[in-house]
Every structure is written in C-alpha cells, then in structure tokens.
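These numbers come from a predicted model, not from an experiment.
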Amino acid sequence: MYQGLTRATSVWLLILCSIIGGQFLLSFQVHAANSIDGIRVWPAPENTRIVFDVKNKPDYKYFTLSNPNRLVIDFERTKNAVSLKKLAANDPRVKRFRTSTSKKTGTTRLVLELAKSYQLSVFPLSPAGQYGNRLVIDLYDKDRTNKVASQPKEDHHDIIIGIDAGHGGEDPGSIGHKGTYEKRVTLAIAKKLQALINKEKGMKAVMIRSGDYYVNLNRRTSLARERNVDFLVSIHADAFRTPGPNGASVWVVTKKRAESELARWLLKREEKSELLGGGGGVIKNTADSHLALALADMSKEHSLGVSFGVANKVIRELKKITKMHKKTPQNGNFAVLKSSDIPSILVETGFISNHKEEKNLTWSKHQHRLASAIHTGIKDYFMAYPLAGSYFASVGYKKHKVRSGESLSVLAQRYNTSISKIKTVNKLKNNALRIGQTLKIPRAG
C-alpha cells in the first residue's frame, strides 16, 4: 500500500475498493439486464422489415429525425452483441446501421440512416415457435399503393393468374424433420409455375411474393386486386403434429363447417397465427395454422363455382404425379376469413412433416411436376370456360354433353362453328354421336 499508511488503514482501503467495485459491477448488471442477440433485415418491393432478437422483453423508445432522415431506437438496460457493418448491404431503404451515445446510462442507442422518409410501424412480439422476444420495425414506402396500376382489359387479353407463395421472410412456415423451411419450398414451386404460365399464350403470371420476404396477409389480396388478377392460387406445404399424414390437397373456402381432423386442428391453432408477426406455422411437426389466414379473401358465393372447378381439375392432375391426402376439394369455416371477388384455391403440395415427402418437396424435378400439374389444371379450366374477351375465348373451346336428338350439324349451327372443326378438335372419324358424350366445341373465330 501507500507509504505512511498504517496496516489498519490499508485494510479499510481494500474493503472500500471492494465495495465500490461490487457496486459498479451490480450497476452494470442492472443496466445490461437485456441484450440484442440478432438483427434480421428483410427487404421487400414495398417495405423493409427489421427484426431485433432480444434476450428478454424489450424496453425501448424511438424517434425520427430529418435532414438527413434517421430512425433512432433506444434499448434501455440493454447491450448489443451484433455487428452492424453489413446489415444494410442489400437494403434499398436503410443506408446504414450505427450506434450513438444516449444520455441515459446503460442504454444502447441504434441509429438507422434512411434513404428517405417512410411510414413507420414499431411493435414488440412475444416468444413463439422457434423465436424468442423480438422488436419489429416496418418501413413502408409512402407511394406503395401507386406502384402497381390497374390496367383496363382489352379484347383477347391474357388471363392473369396470381401466384401466392406461402410465408416468407422471418416467417418460415412449417419446418420439416431435416430443417426444410416451407417458405423456400413454396417459392421454388411458385417460380416454376410462373415460368410455365408465362410460356402459355393467353395466360400471364403475377407473383404476390417473388423473394424471401413477408407480405402482410391483407396486402396479398390487395396486390392481387391491384394487378387485375383473374384467379389466385396460394401454394403451401402441409404439416401435422405427427409425421404420418402425407399427400397433397386442394382447399376452397365455403361457409360449411370443416369436417376433417386436420381442419379442426388448424382451426384450434388459428388464434396463434399472428404471434410471429407473419404466420403461425413455424413449430416443427405441427399443423400449419397459417392456412386459415392464407386462405383469406376466398369466400364469396359467386366465385365458388370457379374455385371448385379449378380445384377439381388441379386435383385430377396432381393425382397423376403424387399421392392425394384428400381426393376432393376441402373447405373450412374459419372465423378470420374475409370475403373476396377473386376465385381462389390453396394447394397443399404435400406434408413437410412427413419424412419422405419432405425429401420430395426439396427435389427440383418433383417441384416442377407439381407446378406443371397446377398449371395444367388451371389452363384446362379456363380453356373450357374462358373469360369473356380473353385470348382463350377467341381460340379455345367449351364443353357440351350430347343429348337425345342432337347431331354435329345441329351443334355446329348452335355454336356458330363448322362440323369439320368439331370433328378435328374431338378427333372424330365419323359423324356418329352417342348420348352423354362430352364434346369440345370450338369457339367462333
């Protein structure tokens, strides 16, 4: 110790230093009661979602600044364990993440330098599924509603098919035994379906989600409407609490009560579907409670006929390449569903919770087969029942079941076509018809 100090004084100094040091340590522990353990950035065409993974429930405040535009977030009694250098590398809205100094001791201040001013949404999320506590920040483009303008449809227009790849971004959907994320399977199949549809003259595909980001459930149907979608197909991979169930299925919303065990299981989990801030099917080997919400906007009576018609044709094609969990269109009475003027189906391409089907769903060739079956089913329906003014209506055909007393000449006159065209389309070798026979009738022109 210092010269001139007595032994007793030295002892008291050591005790005092120990007390002060303990108080400092205690103070640090109090101020650092929480920690930021991860930061995820999900850029999308209309918005960017930033998710802060925190150890405990976040205690935070935030404010915005202009000239230049910044968002400042203060995490109280929190330390940051995440590198900020490359977080904004691929995002068009956040130019840079950095720290700053807060006047409040123990507070971590993070600054997001923004490209411009955005509509802002900030909210915490409780633990759910594979996630713990989170703080979510959504930056929305202020002009996002004007990005996709509706165009009037002209004669011989394309039939526009909206393709909704389920889940995305921080919402992985159901997770298979080997760690397969549903969101990746659905997007892969959706992109293959998009390519097939765009190769088909008279059809055009519109992707509701084209990358690994989450689209708000209400926004999905809004985007479909803005883009004049004629039909919407939502693609998912099913899951259940046990690995036994397998096979594909096609869902259509009606007002009837759900009858299957799977539908009842989904319905029970519906209340938890927003716990992830984007969907509830993330728990491994459990039912996809996102189903109820992803089926939103599919229940208006006037669109059910089209929905069932397409569903049956898609099932017919899926049967050729995979096992069917249900051989007829399924329906459910989910309280959260809203009405819609867009005919829609939801295709469960298989059970990701089934070990064999999980492997198949990650196989590119099988994904292509699934996409081809969906494409063929949709095409066949609209070729048989084309929309007025569409290209299919000008070159396609409609179906007619032969009744007693009808002949080729009668049908040709009735439908303003020729006998030779009817024979060619149906590959008839003579003029003989039988009652109950279904014919393809070429359309005039």
Side-chain angles (χ1 to χ4, degrees), residues 36-54 57-66 68-75 78 80 82 84 87-98 109-148 164-173 183 187 207-224 226 272-282 290 293-294 296 336:
I36 301 172
D37 300 324
I39 303 176
R40 291 171 282 130
V41 181
W42 302 99
E46 298 182 320
N47 68 286
T48 292
R49 169 162 286 192
I50 302 140
V51 182
F52 295 91
D53 295 305
V54 289
K57 183 178 179 180
D59 185 358
Y60 65 95
K61 295 179 180 178
Y62 67 93
F63 57 93
T64 58
L65 299 171
S66 57
N69 292 297
R70 287 154 288 166
L71 170 62
V72 181
I73 313 155
D74 285 339
F75 291 87
T78 302
N80 175 42
V82 181
L84 307 177
L87 288 176
N90 300 314
D91 187 77
R93 298 172 185 86
V94 184
K95 297 164 63 176
R96 181 189 174 199
F97 286 78
R98 62 177 173 86
R109 171 168 288 184
L110 296 183
V111 180
L112 282 61
E113 297 181 1
L114 307 178
K116 58 181 181 180
S117 176
Y118 300 98
Q119 291 182 7
L120 182 65
S121 177
V122 181
F123 55 94
L125 287 174
S126 301
Q130 67 180 28
Y131 295 124
N133 287 283
R134 287 146 294 156
L135 180 69
V136 178
I137 296 174
D138 285 327
L139 303 173
Y140 293 101
D141 295 345
K142 292 184 177 180
D143 59 345
R144 65 186 187 279
T145 57
N146 298 321
K147 284 191 172 182
V148 181
D164 173 35
H167 306 278
E170 81 280 8
D171 175 16
K183 67 174 183 177
L187 185 60
M207 294 286 281
I208 304 301
R209 174 172 76 89
S210 58
D212 189 11
Y213 53 86
Y214 180 73
V215 180
N216 179 276
L217 295 168
N218 291 330
R219 186 59 182 152
R220 294 183 191 229
T221 45
S222 295
L223 285 171
E226 289 174 14
K272 300 180 181 179
S273 61
E274 286 296 333
L275 290 178
L276 299 173
V282 302
H290 187 65
L293 292 174
V336 298

Q: When you look at Asp141 and Arg93, which way does the side-chain contact (heavy atoms from CB on, under 4.5 Å) test go after all the steps?
A: CA-CA 9 Å; Asp141 295 345; Arg93 298 172 185 86; 2.7 Å; yes
Q: At their closest point, which heavy atom of Leu87 faces which heavy atom of Val41, and how far apart are they?
A: O-CG2, 3.7 Å
Q: I'd like to check Leu223 versus Met207 (side-chain heavy atoms, cut-off strictly below 4.5 Å). Are they in contact?
A: no
Q: Hey, is the main chain of Glu170 close enough, under 3.5 Å, to the side chain of Tyr131 for a donor-acceptor pair?
A: yes
Q: Suppose we call two aromatic rings close when their centres sit under 6.0 Å apart. Are Tyr60 and Phe52 close by that rule?
A: no
Q: Could you tell me whether the side chain of Asp138 reaches within less than 4.5 Å of the side chain of Asn216, counting heavy atoms only?
A: no
Q: Quick check: does any side chain N or O of Arg209 sit under 3.5 Å from a backbone N or O of His167, one acting as donor and the other as acceptor?
A: yes
Q: Determine, stepwise, if the pair Ile39 / Ile50 fulfils side-chain contact (heavy atoms from CB on, under 4.5 Å).
A: CA-CA 7 Å; Ile39 303 176; Ile50 302 140; 4.0 Å; yes
Q: For the pair Arg219 and Glu46, evaluate salt bridge (Lys or Arg N to Asp or Glu O under 4.0 Å) and give the outcome as yes or no after the intermediate values.
A: CA-CA 10 Å; Arg219 186 59 182 152; Glu46 298 182 320; 2.6 Å; yes
Q: Please test Val94 against Leu114 for side-chain contact (heavy atoms from CB on, under 4.5 Å), starting from the C-alpha separation and ending with a verdict.
A: CA-CA 5 Å; Val94 184; Leu114 307 178; 4.1 Å; yes
Q: According to side chain to side chain donor-acceptor pair (under 3.5 Å), who are the partners of Arg109, at least two apart in sequence or on a separate chain?
A: Asp74
Q: With rounding to the nearest 0.5 angstrom, report the CG to CG distance, Asn69 to Leu112.
A: 12.0 Å
Q: Is a side-chain N or O of Arg134 found less than 3.5 angstrom from the main chain of Ser126, in a donor-acceptor match?
A: yes
Q: Measure across Ser117 and Lys142 and return the closest heavy-atom pair with its distance rounded to 0.1 Å.
A: OG-NZ, 2.9 Å
Q: Quick one: list whatever passes side chain to side chain donor-acceptor pair (under 3.5 Å) with Asp212, sequence neighbours left out.
A: Lys183
Q: At their closest point, which heavy atom of Asp91 faces which heavy atom of Pro43, and how far apart are they?
A: OD1-CB, 3.2 Å
Q: So how far is it from Arg70 CZ to Phe63 CZ, rounded to the nearest 0.5 Å?
A: 8.5 Å
Q: Enter the distance from Thr48:OG1 to Tyr118:OH here, rounded to the nearest 0.5 Å.
A: 7.0 Å
Q: Would Arg49 and Tyr213 count as a side-chain contact (heavy atoms from CB on, under 4.5 Å) if you check the C-alpha gap in whole Å, the side-chain angles of each, and the deciding distance to 0.1 Å?
A: CA-CA 8 Å; Arg49 169 162 286 192; Tyr213 53 86; over 6 Å; no
Q: Checking Thr64 now: which residues fulfil side chain to side chain donor-acceptor pair (under 3.5 Å) with it, not counting sequence neighbours?
A: none
Q: Tell me the closest heavy-atom pair linking Ser210 and Leu187, and the distance in Å.
A: C-CD1, 4.0 Å
Q: Measure the spacing between CD1 of Ile137 and CD1 of Ile73 and express it to the nearest 0.5 Å.
A: 3.0 Å
Q: Could you state the interatomic distance from CD1 (Ile36) to CG (Leu135), rounded to the nearest 0.5 Å?
A: 8.5 Å
Q: For a quick test of reading the model, state the closest non-hydrogen atom pair linking Tyr140 to Ser121 and the distance between them.
A: CE1-CB, 4.3 Å
Q: CG of Asn47 to CG of Leu120: how many Å apart, nearest 0.5 Å?
A: 12.0 Å
